[in-house]
There are 2 protein chains.
Amino acid sequence: MKPRARAADKRRRLTTEAARVLHEQGVERTTLADIARAADVPVGNVYYYFKTKDDLVLAALSEHSAHLAEFTGRLDRLPDPRDRLKALIEAWVDQREVAARYGCPTGTLAVELDKRADGTLDEEAGTVIRRLLEWTGDQFRALDLPDPDDLAVTLISAYQGMSLLANALRDPDLMTREGTRLLGWLNSLQAPDQTA
Amino acid sequence: MKPRARAADKRRRLTTEAARVLHEQGVERTTLADIARAADVPVGNVYYYFKTKDDLVLAALSEHSAHLAEFTGRLDRLPDPRDRLKALIEAWVDQREVAARYGCPTGTLAVELDKRADGTLDEEAGTVIRRLLEWTGDQFRALDLPDPDDLAVTLISAYQGMSLLANALRDPDLMTREGTRLLGWLNSLQAPDQTA
DNA sequence: GTCTATATCTCGATAGAC
DNA sequence: GTCTATCGAGATATAGAC
């Protein structure tokens, strides 16, 4: 095993575990030791790969961002934009157990980072959410629906809200019920008549 | 000025400031010194009034709970349940600047407390949200609408979601747009025909 | 009852051996 | 490149003077 490969491997493990542990415990309650232990890397050695703790948070955010890009990329292969949005909602419901325990990874991260007085990182979580909003808006636009960006806000807002409530009430079934409602709402949306 | 009065006064000031500062900075980033400074009480003296930091968090939650009770109590004086819900939504929109900067006080607190591995306090924030859900469900019930509790979840979920997005994107106007949509949604809800 | 001084602990970060 | 030992900052909490 070449050193280069091992180094890259440790960096990857640290990034993956950082994303998971930071989601579960929150940024402020998570110590570098927690992440190091999860990634099976000695504590002091973390600083060889990441200069500061914030660098690890940033890496975790990139991980979420990459995951989102990969997922929407797969959805883009579906021909009908409405089916893409349906698949998105179904994916949310599938993740209901995790959401009920720890909330939406990006949403809870954004809440925490937005509390910071210094401007560090508080834009970053917003960027990931913005990207999801843009993709969603594109789908509504492709469906020729009016105010596609507002519809995107409504849909993503509903997702963040139901994740937060499911989390606060520890009730995964809430995600199922709201998911069903969202699918019905999505089906009810009609493009305006163009035959005038 | 009697000592008793002064003591009660300091306790009150500590509670009020704790609610404000914890909302703005988050639980984990807020130190006892922060709260003590805001309440104009010496740091070490805080422990005369609150045994632990968690006790202060609990006091802040009670403050939010009392505020909610006071507010819904005032809304209850409106004769029409639909008007009560409209007033609730309008109050959310009025608070858009605070929400865009710091999020919903109870919602962000719940997110943070739910990350705790130990069971301390993570139920408490959920209780306040549950109380709001129950009140909202009662209004939909009074309107003879089907599945009133699901409608309550949808409405409060929308509020939590739009607060989170407004916060993450630092966009208070998002609250205005979503508020308008929610008012339209509320108006569109019809009780089923009972004349059969 | 009120406040100061400080004990104690934990964490992020660094220095330097290997 | 890897890891151990440790420093120093800053936090909660307490002991005890007034």
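Lettering of chains follows the sequences in order, A, B, ..., and the numbering in each one begins at 1.
A donor-acceptor pair is defined here as one N or O able to donate and one able to accept, closer than 3.5 Å; such a pair exists between the side chain of B/Arg101 and the backbone of A/Asp114.
Rounded to an integer number of Å, the gap from A/Arg11 CZ to D/dG1 C1' is 15 Å.
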| query | Can you give one letter per nucleotide of nucleotides 3-18 of chain C, going 5' to 3': B for a protein heavy atom under 4.0 Å from the base, S for sugar-phosphate only, - for none? | reply | BB------SSBB----

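Pairs passing the ring-ring contact (aromatic ring centres under 6.0 Å, His included) check and including a residue from residues 109-147 of chain A, sequence neighbours excluded, do not occur. Residue pairs meeting the salt bridge (Lys or Arg N to Asp or Glu O under 4.0 Å) criterion with at least one partner in residues 150-159 of chain A, sequence neighbours excluded, are A/Asp150-B/Arg177.
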Donor-acceptor contacts, no H, no angles, side chain residues 83-90 of chain A, under 3.5 Å, sequence neighbours left out:
{"unit_1": "A/Arg84", "atom_1": "NE", "unit_2": "A/Leu78", "atom_2": "O", "d": "2.8"}
{"unit_1": "A/Arg84", "atom_1": "NH1", "unit_2": "A/Gln139", "atom_2": "OE1", "d": "2.7"}
{"unit_1": "A/Arg84", "atom_1": "NH2", "unit_2": "A/Leu78", "atom_2": "O", "d": "3.0"}
{"unit_1": "A/Lys86", "atom_1": "NZ", "unit_2": "A/Asn187", "atom_2": "OD1", "d": "3.3"}

For residues 56-68 of chain A, which side-chain N or O atoms pair as donor and acceptor with protein atoms under 3.5 Å away, sequence neighbours left out?
{"unit_1": "A/Ser62", "atom_1": "OG", "unit_2": "A/Leu58", "atom_2": "O", "d": "3.1"}
{"unit_1": "A/Ser65", "atom_1": "OG", "unit_2": "A/Arg131", "atom_2": "NH2", "d": "2.7"}

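Residues from residues 108-121 of chain B lying near DNA chain C, meaning a heavy-atom separation below 4.0 Å, are absent.
In this structure, A/Arg12 places its CZ atom where only 12 or fewer heavy-atom neighbours from other residues, nucleotides or ligands lie under 6.0 Å away.
How far CG of B/Leu174 is from CG of B/Leu169: 6.5 Å, rounded to the nearest 0.5 Å.
Here the shortest heavy-atom pairing between B/Arg11 and B/Tyr49 reads NH2-O, 3.4 Å.
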